[in-house]
Amino acid sequence: MHTMITHRIAAAILAASACAAHADVKQASADGFVLSYARTLDVAPDKVYAVIPAVERWWNGDHTYSSDAANLSLRAEAGACFCERWKGNSVQHGTVVMAIRDQAIRIDGAFGPLQPMAVNAVLSIGTRAEGTGTVLTMVYRVNGSSGNVLDKLAPDVDQVLAEQFKRLVSVAITGKAVSP
């Protein structure tokens with residue numbers, strides 16, 4: 001069952017690479033990579049920040065184990081679980097290590113196919129006031145052994161996270177996620 005789910009997620013990542021928006025892979029090597037996204041929104045920081053923990057509204061269910069984003073949960077509180085629960089099953093995608101209201105949520109977690117690789121990964125989502133709007137940022141840093149050849153995975157992970165960022169932006173602006 002686990003192998004089937006892992007293959008399904010890997011296939012979803014590869015499929016997404018054909019249609020998702022793309023941002024910069026800031027750095028990539030065999031033992032790590034850094035992905036970074038940013039967008040200025042004409043929305044107040046508190047409104048943008050409030051959308052971040054509502055991950056079930058903006059994360060694409062195609063990139064979950066259960067295929068349903070409604071099964072995701074996230075609280076903006078240190079120690080909280082970014083989890084997925086369905087029909088007696090569960091996955092801890094990450095743990096919130098920092099939550100500063102209207103500024104940042106940081107999650108320690110290796111997502112999807114990175115999880116069984118025993119890598120260290122941190123997703124930082126930040127909001128910063130700029131004029132009457134907000135600069136929204138998302139940075140994903142992944143490190144592991146050089147045997148993981150993470151530079152080969154970076155473009156595919158970039159495609160998936162770029163899509164999630166695009167959907168987060170859409171929910172922050174319109175209240176609805178864009179279709180992939």
Side-chain angles (χ1 to χ4, degrees), residues 5-41 48 51-69 72 74 82-84 91-98 104-128 134-173 176-180:
I5 292 171
T6 301
H7 290 298
R8 185 173 165 187
I9 290 173
I13 286 174
L14 292 175
S17 67
C19 62
H22 166 55
D24 281 339
V25 175
K26 292 293 185 186
Q27 177 272 322
S29 64
D31 63 351
F33 60 83
V34 177
L35 308 175
S36 182
Y37 318 88
R39 175 103 183 257
T40 302
L41 312 178
V48 176
V51 172
I52 298 168
V55 69
E56 72 283 356
R57 292 181 57 204
W58 56 269
W59 197 272
N60 185 337
D62 290 345
H63 302 292
T64 65
Y65 285 86
S66 66
S67 299
D68 188 350
L72 296 173
L74 175 65
F82 172 20
C83 286
E84 181 177 357
V91 177
Q92 179 176 332
H93 297 291
T95 303
V96 176
V97 293
M98 183 179 80
I105 293 178
R106 188 166 295 144
I107 301 166
D108 183 3
F111 303 145
L114 296 173
Q115 192 176 52
M117 297 177 85
V119 299
N120 293 313
V122 176
L123 178 69
S124 299
I125 305 174
T127 58
R128 177 178 48 81
T134 303
V135 175
L136 175 65
T137 59
M138 180 185 282
V139 177
Y140 194 46
R141 296 177 190 279
V142 178
N143 291 292
S145 73
S146 60
N148 288 331
V149 291
L150 293 169
D151 53 335
K152 304 287 189 238
L153 287 175
D156 293 333
V157 175
D158 174 47
Q159 293 297 325
V160 172
L161 284 184
E163 176 188 355
Q164 306 319 320
F165 184 74
K166 181 179 178 183
R167 292 169 63 89
L168 173 58
V169 166
S170 180
V171 172
I173 294 171
K176 297 184 186 228
V178 294
S179 298

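Position 1 is the first residue of the sequence, and the numbers go up from there.
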Checking [X] side chain against [Y] main chain: does a donor-acceptor pair fall under 3.5 Å?
| X | Y | result |
| --- | --- | --- |
| Asn148 | Leu150 | no |
| Ser124 | Arg106 | no |
| Gln27 | Arg141 | no |
| Glu84 | Tyr65 | yes |

What heavy-atom pair brings [X] and [Y] nearest, and what distance separates the two atoms?
| X | Y | result |
| --- | --- | --- |
| Thr137 | Ala38 | CG2-CB, 4.0 Å |
| Gln164 | Asn60 | OE1-N, 2.8 Å |
| Val51 | Ala172 | CG2-CA, 4.1 Å |
| Leu72 | Glu56 | O-CB, 3.8 Å |
| Ala121 | Val142 | CB-CG2, 3.8 Å |
| Ala110 | Gln115 | O-CB, 3.5 Å |

Is any side-chain heavy atom of [Y] closer than 4.5 Å to one of [X]?
| X | Y | value |
| --- | --- | --- |
| Ile125 | Tyr37 | no |
| Asp151 | Val25 | no |
| Arg167 | Trp59 | no |
| Tyr140 | Val160 | no |
| Phe165 | Leu136 | yes |

### Task
Identify the residue among Val169, Ile52, Leu123, Leu35 that makes a side chain to side chain contact (heavy atoms under 4.5 Å, CB included) with Met138.
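Between Met138 and the candidates, side chain to side chain contact (heavy atoms under 4.5 Å, CB included) is satisfied uniquely by Leu123.
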### Query
How long is the span from the CG atom in Leu161 to the CG atom in Asp156, to the nearest 0.5 Å?
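So the CG of Leu161 and the CG of Asp156 are separated by 11.5 Å.
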### Query
How many angstroms lie between atom CG of Asp158 and atom CG of Leu153, to the nearest 0.5 angstrom?
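Nearest 0.5 Å value for the CG-CG distance: 12.0 Å.
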### Task
Could you label the plane-to-plane angle of the His93 and Phe82 rings as parallel, tilted or perpendicular, counting under 30° as parallel and over 60° as perpendicular?
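Rings of His93 and Phe82: tilted, 30 to 60°.
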### ring pair (Phe, Tyr, Trp, His ring centres under 6.0 Å) partners of Phe33, counting only residues at least two apart
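Partners of Phe33 under the ring pair (Phe, Tyr, Trp, His ring centres under 6.0 Å) test: none.
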